[in-house]
Amino acid sequence: MSNYRIQGATGDWEVVIGLEVHAQVVSNSKLFSGAATAFGAEQNSQVSLVDAAMPGMLPVLNGECIRQAVRTGLAINAEINRWSRFDRKNYFYADLPQGYQISQLYHPLVGEGTILIDADEKAGIPEAKHIGVERIHVEQDAGKLMHDQHPTMSYVDLNRCGVALMEIVSRPDMRSPAEAGAYVRKLRALLRYVGSCDGNMEEGSMRADVNVSVRRPGEEFGTRTETKNVNSVRFVMATIEHEANRQVDVLEAGGKIVQETRLFDPDSGTTRSMRSKEDAHDYRYFPDPDLLPLVLTEEFIEECRASLPELPDAKRARYIEQLGISAYNADVLTAEAEMARWFEKVLDNGAEPKQASNWVMSELFGALNRLGKGIADSPVSPPQAAELLALVADGTLSGTLSKQVFEIMLDTGDSPAKIVEERGLKQTSDTGAIDAVIADILGNNADKVAQYKDGKEALFGFFVGQTMKAMGGKANPQVVNELLKKALNA
Amino acid sequence: MTNLTELGVAALRDGFRAGDFSAREVADAFNANVAAAKALNAFIVETPDHALQAAEQADRDRSEGNLKPLSGVPIGMKDLFATKNVQTTAASHILEGFKPQYESTVSGKLWSAGAGMLGKLNLDQFAMGSSNETSYFGNVISPWRRPNDTAPLAPGGSSGGSSAAIAARLCPAATGTDTGGSIRQPAAFTGISGIKPTYGRCSRWGVVAFASSLDQAGPMANDVRDCAIMLENMAGFDPKDSTSLELAVPNWEAALSADLKGKKIGIPKEYRVDNMPAEIDALWEQGIQWLKDAGAEIVNVSLPHTKYALAAYYIIAPAEASSNLARYDGVRYGLRNLPDGAGLQDMYAATRAAGFGPEVKRRIMIGTYVLSAGFYDAYYTQAQKVRALIARDFERAFEQCDLLLTPTAPSAAFALGEKNADPLEMYLNDVFTVPTSLAGLPAMSVPGGVDAQGLPLGLQIIGRALDEQGVLNAGLAIEERAGFTARAGKWW
């Protein structure tokens, strides 16, 4: 249970949060037309007659969008409705040429499911928690108005108009901004694993309507407000933070919360009223008579199921149980599909899982952080990483040497073998050479040798350091240890 | 030489094939009739060049032995079908000047079959009306008149331009669309034939939508055979229309047969409505005799929910229309009315106020009302239940019979202006045609006789889903026996 509370003047308040996430479906064409969906195309260059709502045009369902939504539903263990239907949501706006959005109110494609958010003590999520998903329905996106093209007129770009969205509606199961943040992150990760949405919130392909209410712990739900189109995890959390505190202030001042739609202002971190319930549109939903009910066969659903990749929860469990990777490492490595894919390519190239996971977590992440890069732009490829790890495993490189080689890899993009070869960074176990260096060092430090022999054993490290230094870091540390012991005890 | 405009589709096609005349001669003859019939106001746009081009192509094709099903046949196109680069208005000011960059599937099929276009036919605005009095481009005047009376009569609606043009021999056939009777009632009013096929037979793609779940294109022509020929060239699966039926198009013309032996014809008792003129009742009785004569057995059946059909229809059709017509907003095409200093909402209001006629506005308001929060279940949901019950009525009736025979309309053509005062009275015109539309079944009207004033009366045959053949065959049986030869005297 979340113990997140807003401390009001009159006592503690609990926050209740539900999220409606709009996720743009990955597909080459729109939900009901053949127009392309690529982001950033020239304005109005991806508009079909259907999207522009020319007279007599009719929608034809794009099966790929349905497949993606069903796969998403299966990924959250949701009920897939064998019979669903499209409804028209009627309202007038310049970004909506048809005068209605084709959506699914009465019979959504996907029913009840659940998303597991992991425990995160630091963030105030003491234990893992299941967040209910009430439904996922499929609908059309609207176009985009541009108000900066002309002094007195607005322009409209219909490229996005008709692009498929999944609206993923959670239960009001979240109780803190952290839980909501974790939910959005987990949902985004799942969508990326499934490949049904690219999850790029900054490009608008994922955005959330945030429903917030407050109540005394354990009491009935309070009146909620809905803040529309919040487009980052941070803003979702900020919206909740602000909105919950605002509501507490209103209630404690003896006021009432009005059910209304609000907007989040990223600059001030606050929300403001957009329209109240009284001004709410009457959308006059009714079944779209241009479309037949959508009936799914068991075969289709099984195909969707079979096409799913291993999902993060299962992957995490496998990493821990079968690969012997620590729970923390497994969390991090499975959090994003792209990360897991990268890591598994390292394993596919022969690396030992535990060694590889530790290396990725410390060396690779350290380097990427320093370079300000994501895993997708890593200058080192998984096969190169595996090669580096192999050179460590077979004793060619010491830990120190491997770090040097890795740095050079990051700079040059060269393979580790080439770097070792060209720069002579190979670790040596040549006992003759090491013995000679040891003899020199012991000879030059007779006083310390005497102290060591008198029992000051800590000096052993000093001798190791001197030897390694003299060997240019290339000596096999194990061999150095053995030979030093032998020499000192002689 | 034969007066070519007296010929129907089959005769034109066959005569052209036989080399009796050229397609050019046919097009010239009909173009001339069209040009001389402005008084009927049947066309919104005349396209003589389109007809001539198709004719010249047909003549070339014939010389190369490359005949198409409708080579040599010019037709009229209801102005609800989008025609590429030719103004398409749905008879509304809001689409005045709109020239689509696309061709509707049905019109495209007809052109591919070799037909030429004489023009875009007038209709009730957005196909909403039963008398052709709601067109922005003026009333269509029926070629028919009462004896010794010059009062203009209604050609029926909404396909009133189509019916008037065929009855006046301005075109041998035309497309119509039927949402609640818009092919059958005007056919009955003007003494021609028209068939509304099973919902889904003809693609709706490129047809300006009125009520999507009811709209269905079909042909109107002088006789049953011509309807069959036209329908064969209009129907067919279209992947661009999700409600289109994925079925092969039967060879209806080849299978025409007036022999109804073994067929059972149902007579629904609920269609004997109050105040129905005795002449219509008599014609119905006559129709029964004709079908018996053709070998059919007559059975009495019941369609118990018929009395709710009109009410359900006038909820469902306006509901869909209120949404379908939302796209006419002045933003992308057609009329834009932008008063000084107007914002978006003002522009919508001004454009739609100026662009839609009163009947269209009435239906948009009815539709908006019945879909609004708090009323949806009482109206729309209830109407859908009624619709299901009506469909079930037909299913049950068709357990006892193969076809149904009813009058097409409760009266002969009325005078323009006669039924304008009360919209409900106008709506009652559709009382016999609406139930079939709600059930999506094929139905046709064929002329059966004339009333005491010499005005045509139609009989309606209703079939099981997909049994256009049965409908056409019964229509043919009536046609052969009715020997309907009455014609509107030429006054225009």
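In what follows, every chain begins at residue 1, and chains take the letters A, B, ... in the order their sequences are listed. Worth saying up front: this structure is predicted, and the values here are computed from it rather than measured.
- Side chain of A:S84 to main chain of A:N81: no donor-acceptor pair is present (N/O by atom type, distance under 3.5 Å, no hydrogens or angles).
- For B:Q345, the part lying under 4.5 angstrom from a heavy atom of chain A is the side chain only.
- With chain B as the partner, the residue from A:A53, A:P59, A:G99 showing the most heavy-atom pairs under 4.5 Å is A:A53.
- One N or O on the side chain of B:R352 and one on the backbone of B:Y328 form a donor-acceptor pair closer than 3.5 Å.
- The contact between B:T368 and chain A is made by backbone and side chain atoms together, counting heavy-atom distances below 4.5 Å.
- In this structure, the portion of B:Y102 lying under 4.5 Å from any heavy atom of chain A is its side chain and not its backbone.
- Contact count against chain B (heavy-atom pairs under 4.5 Å) is highest for A:M54 among A:M54, A:Q98, A:M153.
- At a 4.5 Å heavy-atom cutoff, B:A90 makes no contact with chain A through either its backbone or its side chain.
- Ranked by heavy-atom pairs under 4.5 Å with chain B, the list A:N90, A:V60, A:D290 is led by A:D290.
- Aromatic ring centres of B:Y376 and A:Y283 lie farther apart than the 6.0 Å criterion allows.
- Both the backbone and the side chain of A:F286 have a heavy atom closer than 4.5 Å to some heavy atom of chain B.
- For the pair B:T351 (side chain) and B:Y348 (backbone), a donor-acceptor distance under 3.5 Å is absent.
- For the set B:S213, B:A373, B:G343, the entry with the most heavy-atom pairs within less than 4.5 Å of chain A is B:A373.
- Between B:Y379 and B:F375, the two ring planes are tilted [angle within 30° to 60°].
- When heavy atoms are compared at a cutoff of 4.5 Å, B:N324 approaches chain A by way of both its backbone and its side chain.
- Using a 4.0 Å cut-off between charged side-chain N and carboxylate O, A:D141 and A:R207 make a salt bridge.
- Heavy-atom pairs under 4.5 Å with chain A peak, among B:I316, B:V207, B:V208, B:L95, at B:V207.
- Your options are B:L344, B:V331, B:D329, B:L80, and the one with the most heavy-atom pairs under 4.5 Å with chain A is B:L344.
- The contact list for residues 81-89 of chain B toward chain A, using heavy atoms and a distance under 4.5 Å, is empty.
- Checked options B:F210, B:F356, B:Y136; the residue passing with B:F126 is B:F356 (criterion: ring-ring contact (aromatic ring centres under 6.0 Å, His included)).
- Contact annotation for B:P100: neither backbone nor side-chain heavy atoms come within less than 4.5 Å of a heavy atom of chain A.
- Side-chain contact check for B:D124 versus B:E359: every heavy-atom pair is 4.5 Å or farther apart.
- Neither the backbone nor the side chain of A:F32 comes within contact range of chain B; no heavy atom of the residue lies under 4.5 Å from a heavy atom of that chain.
- If you measure heavy-atom distances from B:S372 to chain A, the contacts under 4.5 Å come from both the backbone and the side chain.
- Side-chain N or O atoms of B:S107 include none that pairs as donor or acceptor with a backbone N or O of B:E103 at under 3.5 Å.
- Proximity to chain B is limited to the side chain of A:D282, based on heavy atoms less than 4.5 angstrom apart.
- Between A:E139 and A:K89 there is no salt bridge, since no side-chain nitrogen of the basic residue lies less than 4.0 Å from a carboxylate oxygen of the acidic one.
- Taking 4.5 Å as the limit, some side-chain heavy atom of A:V110 sits within range of a side-chain heavy atom of A:I80.
- When each of B:G367, B:S242, B:S323 is scored by its heavy-atom pairs under 4.5 Å with chain A, the top score falls to B:S323.
- Between the side chains of B:D238 and B:S203, at least one donor N or O sits under 3.5 Å from an acceptor N or O.
- Within the 3.5 Å criterion, the main-chain N or O of B:T177 finds a donor-acceptor partner in the side chain of B:S159.
- Neither the backbone nor the side chain of A:Y91 comes within less than 4.5 Å of any heavy atom of chain B.
- B:K196 has no carboxylate O lying under 4.0 Å from a charged side-chain N of B:D178, or vice versa, which leaves the two without a salt bridge.
- Looking at A:R262, its side chain does come within 3.5 Å of a backbone N or O of A:T271 through a donor-acceptor pair.
- Proximity to chain A involves both the backbone and the side chain of B:R204, based on heavy atoms less than 4.5 angstrom apart.
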